[in-house]
Number of protein chains: 2
Amino acid sequence: MTDFKPKKWPKQARSRASFDAILEGAARLLRRQGYEALTTNRIAAEAGVGIATLYEFFPNKEAIVAELVARLMAKVEANMEEAFAEAVGQDPWPAVIHMTSRAVGSLAEDREVFHVLLRQVPFVPQLPVVMETRAALAALSQRVRITAAGALDLPMPEEDAWLISEMLYNAILEVAFLDVDEKKRAELTKELARLTYRMAVGRDPEAAGSVSR
Amino acid sequence: MTDFKPKKWPKQARSRASFDAILEGAARLLRRQGYEALTTNRIAAEAGVGIATLYEFFPNKEAIVAELVARLMAKVEANMEEAFAEAVGQDPWPAVIHMTSRAVGSLAEDREVFHVLLRQVPFVPQLPVVMETRAALAALSQRVRITAAGALDLPMPEEDAWLISEMLYNAILEVAFLDVDEKKRAELTKELARLTYRMAVGRDPEAAGSVSR
DNA sequence: ATATAATCCAAGTAATTGCTCGGAAAACTC
DNA sequence: GAGTTTTCCGAGCAATTACTTGGATTATAT
């Protein structure tokens with residue numbers, strides 16, 4: 001149906017600036033007015049380029065949004081990979097805290113834009129890059145469950161892992177979207193990690209009798 | 001800004017039929033084509049009424065969607081109140097299963113429409129009726145936490161209850177939206193109840209040493 | 001039976017939308 | 001520096017949109 005890729009990539013520095021300006025303009029409009037107010041003419045005006053220039057690079061409006069999502073998600077994924085590398089070898093509980101914090105933190109940086117993109121734009125949740133991120137979270141939740149020492153078995157491991165990752169994904173978004181100071185967000189994030197641990201392992205990470213390894 | 005209420009309620013049987021036909025037509029279009037394809041002219045055509053008749057009752061498109069949401073949510077709320085009455089006095093674990101099942105079940109009845117409404121229509125999550133339903137879920141999660149015998153204390157009760165209800169709400173939607181047979185959905189629902197219990201109480205509801213009362 | 005109110009409607013309007021056209025200017029290539 | 005490619009652009013078009021108009025038809029009240 002609709003093509004979500006740019007029809008042409010910029011080759012010179014001048015056009016790269018236009019390309020970036022279009023994406024940044026789109027992000028600014030999304031932040032200020034939401035998706036319903038996003039029109040191609042407005043994006044061009046906000047970006048300071050002619051409407052024809054916009055269509056030089058993007059086949060349609062959706063492709064602009066998709067490229068913006070791709071760029072934002074790339075930052076999140078880079079963050080997550082780094083955090084994962086750091087978490088390897090740590091005990092499960094600190095590892096879960098660490099990963100959750102990174103996820104929340106990297107989304108919170110652009111929280112208004114993410115909020116609009118992930119919750120108000122119909123086709124964004126189905127975008128490959130978004131689905132891959134969710135799949136990565138699912139893998140993480142599997143891993144934690146297996147690694148955790150003395151974890152209680154869950155009756156339906158696959159389904160439970162899927163449920164946990166769905167819940168975690170949505171809660172990460174909710175916490176990241178909240179308009180609170182960073183201290184409060186950090187507290188909520190730690191509690192989110194705790195609840196995730198409780199789901200996966202079946203007991204509180206700081207409860208008596210819960211020894212790691 | 002936009003007015004979300006019908007500008008006039010039908011007074012005769014004839015117009016009540018038109019009113020209902022408009023809402024049902026809108027629901028059918030949402031199910032088949034999603035929100036982006038929803039236009040007032042199309043709704044009127046699908047409902048078999050003139051476009052002017054539609055504007056006789058609704059001030060704008062948003063009001064039609066809002067009224068549809070209100071009707072669907074009323075059914076869910078009725079279901080939940082009934083389930084809550086039945087759950088009072090039960091032990092926490094069966095009570096959680098019971099409530100969760102009802103929530104999933106009542107949403108699953110119209111899952112395609114709910115999916116579009118709650119995940120693709122920008123203003124729906126902010127609609128009063130939707131926010132009230134979420135508040136009710138938050139209250140439920142508080143209640144379960146307090147009632148559960150031997151529950152482990154959570155360090156930040158309010159925040160944790162909020163997180164649990166957010167996670168539960170989103171997971172209920174995800175499970176209800178899934179296109180699976182009812183047996184599978186029931187299995188997933190029970191696991192969802194289990195994970196919720198684990199979060200709230202800090203141990204598995206069926207684990208050894210977990211006695212109710 | 002007449003008056004009043006409720007209900008219906010198709011054609012049409014004004015505004016907005018995504019997107020194209022035709023060509024000018026700037027940057028690379030040789 | 002000539003030729004080629006890349007980049008830029010705003011006026012404007014075709015399609016679609018939400019919504020109005022002006023009046024006909026049907027029910028209700030007295």
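Keep in mind that the numbers below use all heavy atoms, side chains included, and drop hydrogens, waters and symmetry copies.
- Between atom CZ of residue B:Arg111 and atom CZ of residue B:Arg31 there is a gap of 10.5 Å, rounded to the nearest 0.5 Å.
- The side chain of B:Ser18 places no N or O atom within less than 4.0 Å of a non-bridging phosphate oxygen (OP1 or OP2) of C:dT7.
- Considering only side-chain atoms of A:Phe57, the nucleotide from C:dT17, C:dT7, D:dC8 that sits closest is D:dC8.
- For the OP1/OP2 pair of D:dT7 and a distance below 4.0 Å, the side-chain nitrogens and oxygens of A:Ser15 include at least one atom meeting the criterion.
- Out of D:dA27, D:dA18, D:dC9, the shortest distance to the side chain of A:Val49 is found at D:dC9.
- In terms of polar N and O atoms assigned as donor or acceptor, the side chain of A:Asn41 comes within less than 3.5 Å of the base of C:dC19 in a complementary pairing.
- Spacing between atom CZ of B:Arg16 and atom P of D:dA27 amounts to 14 Å, rounded to whole angstrom units.
- What separates CZ of A:Phe19 from C1' of D:dT6 is a distance of 15 Å, to the nearest Å.
- If B:Ile51 and B:Ala13 are placed on DNA chain D by their nearest nucleotide, the residue sitting closer to the 5' end is B:Ile51.
- Here D:dT7 is the nucleotide among C:dT7, C:dC21, D:dT7 with the atom lying nearest to any side-chain atom of A:Lys8.
- Between C:dT7, C:dC21, C:dC19, one nucleotide has an atom nearer to the side chain of A:Asn60 than all others, and that is C:dC19.
- Between the CZ atom of A:Phe58 and the P atom of D:dT7 there is a distance of 13 Å, rounded to whole Å.
- With the nearest nucleotide of DNA chain D identified for both A:Gly50 and B:Gln12, A:Gly50 has the one nearer the 5' end.
- In this structure, A:Ile64 reaches neither bases nor backbone, as no heavy-atom distance under 4.0 Å exists between it and the strands shown.
- Distance from the side chain of A:Lys11 is smallest for D:dT7 among the nucleotides D:dT20, D:dT7, C:dC19.
- In this structure, the nucleotide among C:dG18, D:dC8, D:dT21 sitting nearest to the side chain of A:Arg14 is D:dC8.
- A salt bridge is absent between A:Arg194 and B:Asp160: the closest approach of a Lys/Arg side-chain nitrogen to an acidic carboxylate oxygen does not fall below 4.0 angstrom.
- Remark: side-chain polar atoms of A:Lys5 are not paired, donor with acceptor, to backbone N or O of A:Ala66 under 3.5 angstrom.
- Per the geometry, CG belonging to A:Leu29 stands 12 Å off P belonging to C:dT17, to the nearest Å.
- The listed nucleotides are D:dC19, C:dC8, D:dT7; the one nearest the side chain of B:Glu56 is C:dC8.
- Residue contacts shown for B:Arg42 are limited to sugar-phosphate atoms, with no base heavy atom under 4.0 Å away.
- One N or O on the side chain of B:Arg185 and one on the backbone of B:Leu178 form a donor-acceptor pair closer than 3.5 Å.
- One side chain, B:Glu86 or B:His98, offers a donor N or O that lies under 3.5 Å from an acceptor on the other.
- Nucleotide D:dT16 holds its P atom 14 Å from the CD atom of B:Gln33, rounded to whole Å.
- D:dT7 atom C1' lies 14 Å from atom CG of A:Leu54, rounded to whole Å.
- Residue B:Glu36 contributes atom CD, which lies 13 Å from atom C1' of C:dT17 at whole-angstrom precision.
- Between B:Ala52 and B:Pro10, it is B:Pro10 whose nearest contact on DNA chain C lies nearer the 5' terminus.
- Within the nucleic acid shown, A:Leu38 comes within 4.0 Å of sugar-phosphate atoms alone, with no base atom in reach, counting heavy atoms only.
- Using a 4.0 Å cut-off, some side-chain N or O of B:Thr53 falls inside it from OP1 or OP2 of C:dC9.
- When the side-chain nitrogen and oxygen atoms of B:Thr40 are compared with OP1 and OP2 of D:dA18, one or more of them lie within a distance under 4.0 Å.
- Note: CD1 (B:Ile22) to P (D:dC19) measures 14 Å, nearest angstrom.
- In this structure, OH on B:Tyr197 lies 13.0 Å from OG1 on B:Thr100, to the nearest 0.5 angstrom.
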